[in-house]
Q: 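Below are the structure tokens for one structure; questions will follow.
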Amino acid sequence: MKKIKTIGVLTSGGDAPGMNAAIRAVVRAGIDAGYKVMGIKRGYAGLINGEILEMNLRSVSDIIHRGGTILKTARSAELKTEAGIKKAVDMAGIFGIDAVVVVGGDGSYRGALDLSKQGLPVIGIPGTIDNDIGCTEYTIGYDTAMNTALDAMDKIKDTAYSHERCTVLEVMGRNAGYIALNVAIAGGAEVVLIPEKTYDLDKDIIKPIIEGRNRGKTDYSVVVAEGVGKVIEIAAKIEEKTGIETRYTILGHLQRGGCPTVYDRVMASRMGGKAVEVLKQGRINRVICLKNNSLIDLDISEALAEKKSIDMGQIDLFRILAL
Ligand code: F6P
């Protein structure tokens with residue numbers, strides 16, 4: 001294997017708070033380890049187009065507290081083609097990049113795997129608010145997104161309390177209910193709907209609301225993961241079937257921005273540092289994962305094959321605590 005002297009760093013897929021902290025860690029730990037570090041803009045699209053600039057210690061000043069990603073991000077359709085992969089590998093060669101650190105979700109990992117198969121070494125760092133990468137217990141941005149959603153829920157609950165209403169809140173998570181379930185538990189919701197579990201309108205939504213009213217509740221919240229959808233319809237059905245005035249809110253991209261929490265800043269810093277350490281030890285085509293609360297690295301193909309599933313016991317607990 002060619003000796004790695006220059007590393008590139010890029011962010012890919014949906015942005016997540018803490019990505020800047022990860023970039024900062026890769027740049028500073030990389031320079032400390034003796035590497036030249038190049039910032040690649042706009043994810044894989046920027047790699048293909050050669051939007052590449054050398055980073056120095058000051059390139060990453062004053063960013064650890066900022067949401068978004070200073071390198072910008074994109075979802076590249078071109079990298080899904082053979083020609084796109086070749087262009088990306090060639091462009092890395094033109095800029096003398098010997099390995100690329102990719103911060104992103106599992107789609108970005110698949111792109112990284114394709115690059116590695118064409119001879120460009122890669123390291124993946126998990127970055128997505130959804131926490132839906134199978135091989136790792138944590139993905140950068142998840143904690144901040146949950147706290148943002150929870151803050152919104154707390155505020156919506158104040159007004160629902162005053163008006164004695166029901167509120168239906170849609171949080172992000174196209175395929176995963178991690179944000180929804182945790183926000184529902186932490187926010188004291190009456191009902192939670194996640195993509196991993198089918199629901200019955202009468203049994204799982206209407207009944208617990210009416211039973212809650214019979215036990216003396218005067219306001220109600222229903223948290224719905226984006227992947228379940230239909231919040232407008234669900235809100236209308238609740239109002240129609242219970243007679244309780246109901247409003248809905250779709251939080252959307254609000255959850256992707258904002259100041260990263262302590263946990264995200266520290267986890268992103270640790271994962272960035274670990275990525276450089278792994279390269280320095282001569283290991284390539286690895287992804288950084290949190291397992292049993294420790295950072296480890298796994299082969300990227302094996303990591304992509306790993307699955308994780310939501311703890312259904314948490315839903316049972318949620319139901320008991322929602323009484
Ligand atoms: O994967 C992160 C995520 O925020 C999902 O929760 C959501 O479904 C998706 O990205 C939205 O993507 P976009 O920013 O392209 O609308």
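Counting convention: from 1, in listed order, for ligands and their atoms alike. Reckoned from all heavy atoms, side chains included, excluding hydrogens, waters and symmetry mates.
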Q: Please compare Arg256, Gln255, Arg174 and report which has the shortest non-hydrogen distance to atom 3 (C) of ligand 1.
A: Arg256
Q: Between the side chains of Ser59 and Asn56, does any donor sit under 3.5 Å from an acceptor?
A: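 Distance-only check passes for Ser59 and Asn56.
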Q: Would you please determine whether Arg75 falls within less than 4.0 Å of ligand 1 on a heavy-atom basis?
A: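 In this structure, Arg75 qualifies as a contact of ligand 1 - some heavy atom is under 4.0 Å.
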Q: For residues Tyr142 and Asp264, is any side-chain donor paired with an opposing acceptor at under 3.5 Å?
A: no
Q: Answer yes if the side chains of Thr261 and Asn147 hold a donor-acceptor pair under 3.5 Å, and no otherwise.
A: no
Q: Do Glu190 and Lys217 touch side chain to side chain, with heavy atoms closer than 4.5 Å?
A: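 In short, these two side chains touch, coming nearer than 4.5 Å.
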Q: Please check whether Ile129 reaches ligand 1 - meaning an N/O of the residue sits under 3.5 Å from an N/O of the ligand, judged on distance alone.
A: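 Not met; the criterion fails.
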Q: With a heavy-atom distance limit of 4.0 Å, tell me whether Glu226 approaches ligand 1 through its side chain, its backbone, both, or neither.
A: side chain
Q: Just to be sure I'm reading this right: ignoring hydrogens, which of Asn175, Asp130, Thr73 gets closest to atom 2 (C) of ligand 1? Compare them by their nearest heavy atoms.
A: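 Minimum heavy-atom distance to atom 2 (C) of ligand 1 goes to Asp130.
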Q: Can you pull out the closest protein heavy atom to atom 16 (O) of ligand 1? Residue, atom name and distance to 0.1 Å, please.
A: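 In this structure, atom 16 (O) of ligand 1 has His253 NE2, 3.0 Å as its nearest protein heavy atom.
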Q: When Asp98 is tested against each of Lys36, Lys2, Lys3 for side chain to side chain donor-acceptor pair (under 3.5 Å), which residue passes?
A: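 Answer after filtering Lys36, Lys2, Lys3: Lys2.
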Q: Taking NZ, NE, NH1 and NH2 as the nitrogens, is one of them in Asp114 or Lys80 under 4.0 Å from a carboxylate oxygen of the other?
A: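 Answer for the salt bridge query: no.
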Q: Run the numbers for me: atoms of ligand 1, each under 4.0 Å from some heavy atom of Gly173, listed by number.
A: 6 (O)
